There are 2 protein chains.
Amino acid sequence: MSFKPDNLLEHISLDCVIFGFHANQLKVLLVHMKYSGKWALPGGFIQKNESIETAASRALKERTGLSDIFLKQFRVFSDPGRSILNPAVKDLEEQEGNEHLNWFKQRFISVGLYALVEFSKVDPKPDIFSDVCEWKSLDEIGELMMDHNLIVKKALKTLQAQLSYQPIGFNLMPAQFTMPELQKLYETILGKKLDRRNFQRKILSYKILNKLGERKEGQANKAPFLYEFNLGNYQKALENGLSGGW
Amino acid sequence: MSFKPDNLLEHISLDCVIFGFHANQLKVLLVHMKYSGKWALPGGFIQKNESIETAASRALKERTGLSDIFLKQFRVFSDPGRSILNPAVKDLEEQEGNEHLNWFKQRFISVGLYALVEFSKVDPKPDIFSDVCEWKSLDEIGELMMDHNLIVKKALKTLQAQLSYQPIGFNLMPAQFTMPELQKLYETILGKKLDRRNFQRKILSYKILNKLGERKEGQANKAPFLYEFNLGNYQKALENGLSGGW
DNA sequence: ATATTATTGTGTCTTATTGACACAAAGTTT
DNA sequence: AAACTTTGTGTCAATAAGACACAATAATAT
């Protein structure tokens, strides 16, 4: 077993909600636990010399193979009842060499982090605890381990709120994309339809897009323009916020 | 000594940033550590059957005498270097019966919570670790213990952001107040002047205030109207947000 | 080839919101 | 009584947001 609890902070764990966007659907990266048969968020523990964010990056890499992901903490989940029925313990019981089992039976407080990643860049790989690691669209998610359904719900709410005061999309879209594609991302996160013309006007007013002369071809209609994010302005908008407010 | 680490989660602490408003200044509640002579945020630890929020309410009561405060978590502080120089350890060393000293020398990850309270309702009282507990206006705060300056800074930023999408003030103002008083609160939090007429128009548009017929007298000028918060609408606005965005 | 179909690009009008700005009224001080 | 301070209040211009329609393009069907 690869965990060495001696080097880990007790009582603290972290869970990552990794959002991707594909086929006009918002997806979350989940792992399927080998023995308990439950789906869960990829998570982990914190080493004695790590910050939460560093630990989350490392854990995400271990669980799913993903690296260079910018993870942002959004909330601590600390309800005393949240881990009473931790099915991960069952997975551990079935493994040989479970001398650390009691460590995992502790009560854990978990820090929730989320990230947005470009779907196509991800090649998820399961680790020793899980037999599958894959994207699930939001409405396909069934009952997850422990309070992970709640964690996903709160992450989505955070994402929706973020949309109102910060640009989003750089990490969720391919390098080049069309306006309708970007609009579908917004519509999916918000869960509602937006007017095509007003969306374009608003997003262009932020000056975070470069219009490319080229067009995408192959569909049965007029070819849409391609856009890319203007990194400089995108960063500025991230820092300054978009508008609204006092 | 009143701490019983046996019953506490290891490695996890919490710190409370309590904002108050008085004499046109935004204030923060601080405690002064007996032996190390450092000022610090009132904080505490988490018992095995508590959520973070419950623990924070209890700790705040123990440290300052404050009760019935709604505390909201805003961030986890987990930099590995944050507690290397924890001066609280010095305070503990000077106390008799420090059999738990090593427990406090651990590395801690701290959950930051903040709250807004009505200044006049507070009667701060120091506890066994501190000899003073009092309000400090933001520009009077010197160097605090550990990373507490950073925690205050991030709490203030959270508060400023919250101002843009939620009503604020119910917990910071007395039951009845004038429009200029409320405006000063907003100006203080934001750190900038606002136009008197535009402020009034905007805040009234939220429908969260009741105008009272009475007036306040005694100042050398025209008597301003009194207002109170309309609790029903205030709650609604808290839930739905104020506007702006998609 | 021609028509059909689906989807895109684009602009205007109306309404709501924001920002800038000035004077009269009231109560206190001199 | 005059001066002073701070309050209450409204309008105009600029900007942002919401509703809405038609022409252009590229594949597909006939």
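Sequence lines set the chain letters: A, B, ... in the order given, protein chains first and strands last, and positions in each chain run from 1. In this text, all values refer to a predicted model and were calculated from it rather than measured experimentally.
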Nearest-angstrom distance from the residue atom [atom1] of [X] to [atom2] of [N]:
X      : N      : atom1 : atom2 : value
A/L204 : C/dG11 : CG    : C1'   : 14 Å
B/F199 : D/dG8  : CZ    : P     : 12 Å
B/K184 : D/dT7  : NZ    : C1'   : 11 Å
B/E181 : D/dT7  : CD    : P     : 9 Å
A/R196 : C/dA6  : CZ    : P     : 15 Å
A/L226 : C/dT8  : CG    : C1'   : 13 Å
B/K193 : C/dC21 : NZ    : P     : 17 Å
B/R197 : D/dG8  : CZ    : C1'   : 10 Å

Exercise. Given D/dT9, is OP1 or OP2 found less than 4.0 Å from the side-chain N or O atoms of B/Q200?
Worked result: yes
Exercise. Closer than 4.0 Å, any side-chain N/O of A/K202 to the OP1 or OP2 of D/dA16?
Worked result: no
For this session: Could you list all the salt bridge (Lys or Arg N to Asp or Glu O under 4.0 Å) pairs where at least one residue sits in residues 67-76 of chain B, not counting sequence neighbours?
Result: none
Exercise. Which sits closer to the 5' end of DNA chain D, A/Y206 or A/A223, going by the nucleotide each is nearest to?
Worked result: A/Y206
Problem set entry | Distance-only donor-acceptor test (3.5 Å): side chain A/R201, base D/dG18 | yes
Exercise. Tell me, which pairs form a ring pair (Phe, Tyr, Trp, His ring centres under 6.0 Å) where one or both residues lie in residues 134-161 of chain B, sequence neighbours left out?
Worked result: B/F119-B/W135
For this session: Would you verify whether the NZ or CZ of A/K192 falls within 45 degrees of the ring axis of B/W246 while also being under 6.0 Å from that six-membered ring's centre?
Result: no
Exercise. Is it true that the NZ or CZ of B/K211 lies under 6.0 Å from the centre of B/Y227's six-membered ring and within 45 degrees of the ring axis?
Worked result: no
Problem set entry | A/F225, nearest nucleotide to its side chain (from C/dG9, D/dC20, D/dT7) | C/dG9
Problem set entry | Parallel, tilted or perpendicular: rings of B/Y114 and B/F19 (30°, 60°) | perpendicular
For this session: Map B/N221 and A/D195 onto DNA chain C by nearest heavy atom, then report which one ends up closer to the 5' terminus.
Result: A/D195
